[in-house]
Amino acid sequence: MQLATWNVNSLKIRLPQVLDWLTTHPEVTALCLQETKMDDPVFPREAIEAAGFRVAFAGQKTYNGVAIIARDELDEVIVNIPGFPDEQKRVISATIAGVRVVCAYIPNGQALDSDKYQYKLAWLDALSTWLAGEQLRFARLALLGDYNIAPEDRDAHAKWSDPLLVSPPERAAFQRLLDQGFSDVFRQFEQAEKSFSWWDYRGFSFKKNAGLRIDHILATSELASRCRSCVIDVEPRRHERPSDHTPVIASFE
DNA sequence: ATGGCAAAGTAGCTTTGA
């Protein structure tokens, strides 16, 4: 089975690209989406189901919003982080083909002196704490999404000068997930240098490959040991009207 | 030092993203 994640930066704009991509990637069992930017009553459930998929979603107007599109049944769907009250729709989880899939849109943080940065760190703390319990319930669990963290220096292009997304506290929050048993499956395999999953729309960043690797697939050891590949699919970033993020796909035995 | 691009909400522009 394959699990994938893609920050689509508006599902309203990107729905045709998402359905096309799923058609050309028939082995993808579940695709996690972030930044759907649509309220639940206007979510294109019918179009997705008519194309032969199941879908679970939690959205809001303008910002955030997450969804999981799957070829198999989605069981035990829950929204957000239990015990962490949050108006923003940033997490949706479901069990698909025996794997607990957690789809997350981790806060951006905006700037180190912003309240949004404090929210990001508090949010990450709540995520780790909650997942520690989920890891006990689900041996095979994957956390897929837009983390808004470039974990290491090699995950950011050389000219990235903003401290955001690379600051020590953000990286420590990512490391905490690794320390509690998750594996960054992308790094289990040989990868090209300068592998990124996001490129700014401005300044020909994609053409110059001036990007960041901020979209990740973390897996519990039980699942990570079954991982056979993890790739960033840059092709959608070349499309007309692309998302600024591109999909990441992991294959499991 | 600043804006640069895209999307949304809403109707000329601001806010947010990363």
TODO: Have a look at A:N148 and say if it touches a base, only the backbone sugar-phosphate, or nothing, with a 4.0 Å heavy-atom cut-off.
DONE: sugar-phosphate
- [ ] Indicate yes or no for a side-chain donor-acceptor contact from A:H157 to the backbone of A:K159 under 3.5 Å, with no hydrogens or angles considered.
- [x] yes
TODO: Rounded off to whole Å, could you give me the CD-to-P distance for the A:Q60 and B:dG9 pair?
DONE: 11 Å
Protein-nucleic acid N or O pairs under 3.5 Å, nucleotides 13-16 of chain B:
| from | atom 1 | to | atom 2 | distance (Å) |
| --- | --- | --- | --- | --- |
| B:dT16 | OP1 | A:K116 | NZ | 3.4 |

Open item on the list: Using whole Å, what does the distance between atom C1' of nucleotide B:dC5 and atom CG of A:N7 come to?
Closed with: 15 Å
Open item on the list: In this structure, would A:L178 and A:V102 fall into the same cluster of hydrophobic residues linked by side-chain contacts under 4.5 Å?
Closed with: yes
- [ ] Please name the pair of heavy atoms, one in A:N9 and one in A:R14, separated by the smallest distance, quoted to 0.1 Å.
- [x] O-NH2, 2.7 Å
Open item on the list: Classify A:Y147 by what it touches in the nucleic acid, base, sugar-phosphate, or nothing, heavy-atom distance under 4.0 Å.
Closed with: nothing
Open item on the list: Rounded to whole Å, please give me the gap between CH2 in A:W160 and C1' in B:dG4.
Closed with: 14 Å
Open item on the list: The side chain of A:L164 is closest to which nucleotide in this list: B:dA8, B:dC5, B:dA18?
Closed with: B:dA18
TODO: For DNA chain B, find the residues of residues 191-199 of chain A with a heavy-atom distance under 4.0 Å and give them by number; none if there aren't any.
DONE: A:W198
Task: Atom-to-atom span, CG of A:D39 to P of B:dA7 - whole angstrom - done: 20 Å
TODO: Determine, for A:R137 against A:E76, whether the closest basic-nitrogen to carboxylate-oxygen distance falls under 4.0 angstrom.
DONE: yes
Task: Atom pair distance, as rounded to whole Å: CD1 in A:I13 and P in B:dG17 - done: 18 Å
- [ ] May I ask you to evaluate whether A:S10 reaches the phosphate of B:dA7, defined as a side-chain N or O under 4.0 Å from OP1 or OP2?
- [x] no
- [ ] Round to the nearest Å and state the distance from A:L15 atom CG to B:dA7 atom C1'.
- [x] 16 Å
Task: Qualifying residue for side-chain contact (heavy atoms from CB on, under 4.5 Å) with A:I106, from A:L143, A:L127, A:D146 - done: A:L127
- [ ] Provide, to the nearest angstrom, the distance between the NZ atom belonging to A:K61 and the P atom belonging to B:dA8.
- [x] 12 Å
Task: Selection residues 167-176 of chain A - residue pairs positive for salt bridge (charged side-chain N to carboxylate O under 4.0 Å, His left out), sequence neighbours left out - done: A:K120-A:E170, A:D125-A:R176, A:D153-A:R171
Task: Span that lies between the P atom of B:dT2 and that of B:dA6, in whole angstrom - done: 23 Å
Side-chain donor-acceptor contacts of residues 109-117 of chain A below 3.5 Å, not counting sequence neighbours, with atom names and distances?
| from | atom 1 | to | atom 2 | distance (Å) |
| --- | --- | --- | --- | --- |
| A:S114 | OG | A:K116 | N | 2.8 |
| A:Y117 | OH | A:S167 | OG | 2.7 |

Task: B:dA18 phosphate, OP1 or OP2, under 4.0 Å from A:Y117 side-chain N/O - done: no
Task: Spacing of A:L165 atom CG relative to B:dG17 atom P, expressed in whole Å - done: 11 Å
Task: Co-members of A:V101 in a cluster of I, L, V, M, F, W and Y side chains, linked at under 4.5 Å - done: A:M1, A:L3, A:V66, A:I68, A:L74, A:V77, A:V79, A:I92, A:I96, A:V99, A:Y105, A:L144, A:V185, A:F186, A:F196, A:W199, A:F206, A:I217, A:L223, A:I232, A:V234, A:V248, A:F252
TODO: Kindly say if A:R202 contacts the phosphate of B:dG17, meaning a side-chain N or O under 4.0 Å from OP1 or OP2.
DONE: no
TODO: Determine the interatomic distance between P on B:dA1 and the same-named atom on B:dT16; round to the nearest Å.
DONE: 23 Å
Task: ring-ring contact (aromatic ring centres under 6.0 Å, His included) partners of residues 45-74 of chain A, not counting sequence neighbours, each pair once - done: A:F43-A:F57
- [ ] Using only heavy-atom distances, determine whether the side chains of A:E27 and A:S251 contain a donor-acceptor pair under 3.5 Å.
- [x] no
Task: N/O donor-acceptor pair, side chain A:N9 with base B:dA6, under 3.5 angstrom - done: no
